[in-house]
There are 2 protein chains.
Amino acid sequence: MLNASVETSAMALGPWTSSARQPRDPLDEIASFATRIKARRGTAIFADGDDANYCYRIVSGEAMAFKLMSDGHRQVYEFLVPGDFFGYETQADHYFTVEAVSEVVVLKYPRRAVERVLAENSRFAREIQQMTARGLHSAYQRMILLTHKSADERVAWFLLELADRTRNSDDALHLAMTRTDIADYLGMVIETVSRALTRLKRGGAIAMQSVNDIRLVDRQRLELVRGEI
Amino acid sequence: MLNASVETSAMALGPWTSSARQPRDPLDEIASFATRIKARRGTAIFADGDDANYCYRIVSGEAMAFKLMSDGHRQVYEFLVPGDFFGYETQADHYFTVEAVSEVVVLKYPRRAVERVLAENSRFAREIQQMTARGLHSAYQRMILLTHKSADERVAWFLLELADRTRNSDDALHLAMTRTDIADYLGMVIETVSRALTRLKRGGAIAMQSVNDIRLVDRQRLELVRGEI
DNA sequence: CGTCCGGTTGAGCCCGTTCAACGCAGGTGG
DNA sequence: CCACCTGCGTTGAACGGGCTCAACCGGACG
């Protein structure tokens with residue numbers, strides 16, 4: 001949802017390194033308030049309507065933020081990867097559910113503590129503001145995707161974005177989420193996602209080791225399919 | 001885009017009232033830095049890619065925030081009404097254009113000044129954070145609209161939202177924007193917008209005095225068409 | 001009076017949805 | 001060990017809502 005800037009996902013890989021030269025993690029400010037929790041695949045970290053007494057950050061694994069509609073439809077707002085910070089609200093309640101998509105480890109910060117730091121530390125407040133603003137920016141970009149892009153463009157965009165966010169150096173990409181999750185994220189149905197993946201495979205842009213393990217064989221072609229923005 | 005909370009649009013109607021009982025306008029903090037500018041219909045207040053050296057607030061009239069794609073498509077991010085605050089970025093540049101949709105008066109705040117106040121006044125920082133978070137929330141809601149709602153539902157939602165945001169007490173609603181603008185906001189084409197309006201008219205939910213002047217005759221029916229959320 | 005621009009209406013098409021069948025892997029129980 | 005079931009993904013066929021293309025309408029303006 002909101003990812004603290006560039007270097008942060010390193011924190012998922014090892015212990016905090018506060019070495020002088022290293023750019024500091026903006027969330028270090030609240031690190032001391034964190035408790036570490038685990039969630040198994042399919043379990044909720046918090047639910048739509050819950051009191052927003054805590055906010056969180058992914059350490060390892062993946063999660064998804066979504067809202068369930070009264071008509072049964074589900075909109076997946078974001079997939080959350082290591083480094084992502086989420087659940088900090090200015091209002092009383094959470095307005096979406098966050099559920100583990102794989103076995104996931106998260107840090108849990110008490111809202112009170114975060115707000116105390118926000119009030120006292122303007123640098124930290126600026127970081128949070130920046131993360132929220134980036135979230136808004138990317139939500140707007142996704143609107144373009146949802147209104148003007150074809151099925152293949154959406155799926156290509158999804159794959160490239162996920163590869164980018166999980167910072168895979170090689171071309172291997174593991175999809176922790178199901179086709180249904182992807183469909184609900186991209187505003188399509190599962191069959192269309194499946195067909196789009198098949199076309200990308202036939203076109204030589206990707207290869208599939210197994211259903212959930214994809215190789216971005218021809219990244220350039222994939223970017224071509226995705227199109228601008 | 002970002003609307004400072006409930007009472008703010010009153011500022012568009014009269015001079016600042018800092019009376020004790022009245023809830024204060026959160027943007028009072030930076031009021032002294034504002035300069036007042038006018039823009040005629042169709043002119044840009046700032047453009048995509050411009051240095052984000054200023055941010056703004058609508059006093060009267062309406063504007064729209066949008067992005068032009070390389071393929072010629074245009075996505076309208078938001079319609080801006082009196083009280084709306086926009087253009088404050090954490091990065092260097094604006095990433096969308098804002099253009100007057102009618103004759104519009106805006107207050108223009110230097111970014112430097114705003115950032116100085118942000119650093120010194122945590123209450124103000126909290127207000128800005130809250131506005132951005134609300135913007136994100138409403139962007140997510142609009143995603144649902146763009147993925148799962150029919151043409152009629154979208155248009156009904158648009159009319160109700162606009163009526164709500166402009167706080168019309170009676171059932172008259174003036175559309176300052178063109179059909180093309182509405183279409184680019186709702187992710188449809190102009191013909192579909194037109195047909196949806198015609199159906200709402202035939203269904204008795206609305207009436208049209210002229211092309212741009214709509215009466216919400218049967219609000220309940222309109223809400224029924226719009227559906228949940 | 002003619003032109004232009006924005007909006008409306010009509011006809012046909014297309015892409016993604018819907019409905020349905022099938023494939024495949026993992027789990028369970030005889 | 002195999003038969004069966006269940007959940008998830010893929011593929012096929014037909015449908016339909018919104019898009020495309022095109023004509024028309026009406027008010028503003030020269």
Side-chain angles (χ1 to χ4, degrees), chain A residues 41-42 64 69 71-76 101-102 145-159 173-203 206-214 225 227, chain B residues 40-42 64 69 71-76 99 101-102 145-159 173-203 206-214 225 227:
Chain A
R41 175 190 177 84
M64 63 199 277
M69 315 304 305
D71 61 4
H73 274 137
R74 188 183 64 159
Q75 178 66 40
V76 173
V101 142
S102 63
L145 196 79
L146 296 176
T147 51
H148 291 310
K149 299 295 188 180
S150 72
D152 288 16
E153 288 171 316
R154 292 183 203 202
V155 171
W157 177 89
F158 165 73
L159 293 174
L173 183 64
H174 178 75
L175 304 180
M177 65 291 292
T178 67
R179 298 291 189 269
T180 307
D181 297 337
I182 300 173
D184 289 348
Y185 179 63
L186 296 176
M188 318 170 17
V189 296
I190 166 177
E191 294 93 328
T192 309
V193 172
S194 182
R195 280 186 249 266
L197 283 170
T198 305
R199 279 190 294 266
L200 290 176
K201 194 167 59 179
R202 284 206 229 286
I206 63 171
M208 294 174 64
Q209 327 286 68
S210 79
V211 201
N212 289 322
D213 283 291
I214 291 190
V225 173
Chain B
R40 282 197 312 281
R41 176 191 177 84
M64 64 198 278
M69 315 305 304
D71 61 4
H73 274 137
R74 189 183 64 161
Q75 179 65 40
V76 173
E99 194 178 288
V101 141
S102 64
L145 195 79
L146 296 176
T147 51
H148 292 308
K149 299 295 189 179
S150 72
D152 288 16
E153 287 171 316
R154 293 183 202 202
V155 171
W157 177 88
F158 165 73
L159 294 174
L173 182 63
H174 178 75
L175 304 181
M177 65 292 292
T178 66
R179 298 292 189 269
T180 307
D181 297 338
I182 300 173
D184 289 348
Y185 179 63
L186 297 176
M188 318 169 20
V189 296
I190 165 179
E191 294 95 326
T192 310
V193 173
S194 182
R195 280 186 250 267
L197 283 170
T198 305
R199 279 191 295 266
L200 290 176
K201 194 168 58 179
R202 284 206 229 285
I206 63 172
M208 295 173 62
Q209 326 285 69
S210 78
V211 201
N212 290 322
D213 284 288
I214 291 191
V225 174

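As a basis for the values below, the full set of heavy atoms in this structure was taken, side chains included, without hydrogen atoms, waters or symmetry mates. Within every chain, numbering begins at 1; the chains are lettered A, B, ... in the order of the sequence lines, protein sequences first and strands thereafter.
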Inset, instruction - Could you pull out all residues at least two apart from B:Ser150 that satisfy side chain to side chain contact (heavy atoms under 4.5 Å, CB included)? - result: B:Asp152, B:Glu153
Inset, instruction - Using a 4.0 Å cut-off on protein heavy atoms (strictly under), produce a 5'-to-3' string for nucleotides 10-22 of chain D with B for base contact, S for backbone-only sugar-phosphate contact, and - for none. - result: BBBB----SSBBB
Legend entry - Nearest non-hydrogen partners of B:Ala176 and B:Arg41, listed with the distance: O-NH1, 3.2 Å
Has [X] got a side-chain atom pairing as donor or acceptor with [Y]'s backbone, closer than 3.5 angstrom?
X	Y	answer
A:Ser194	A:Ile190	no
B:Arg179	B:Glu191	no
B:Arg74	B:Asp184	no

Inset, instruction - Nearest 0.5 Å please: distance from the CZ atom of B:Phe158 over to the CG atom of B:Leu197. - result: 8.5 Å
Inset, instruction - Go through the steps for B:Val225 and B:Trp157 under the test side chain to side chain contact (heavy atoms under 4.5 Å, CB included), then give the verdict. - result: CA-CA 8 Å; B:Val225 174; B:Trp157 177 88; over 6 Å; no
[X] [atom1] to [N] [atom2]: how many Å, rounded?
X	N	atom1	atom2	value
B:Asp181	C:dC5	CG	C1'	14 Å
A:Asn212	C:dC24	CG	P	17 Å
A:Ile182	C:dG16	CD1	C1'	17 Å

Measure all distances between protein nitrogen or oxygen atoms and nitrogen or oxygen atoms of nucleotides 27-30 of chain D, and list the pairs falling under 3.5 Å.
none

Inset, instruction - Test side chain to side chain contact (heavy atoms under 4.5 Å, CB included) on B:Asp181 and B:Leu175 and set out the steps. - result: CA-CA 10 Å; B:Asp181 297 338; B:Leu175 304 181; over 6 Å; no
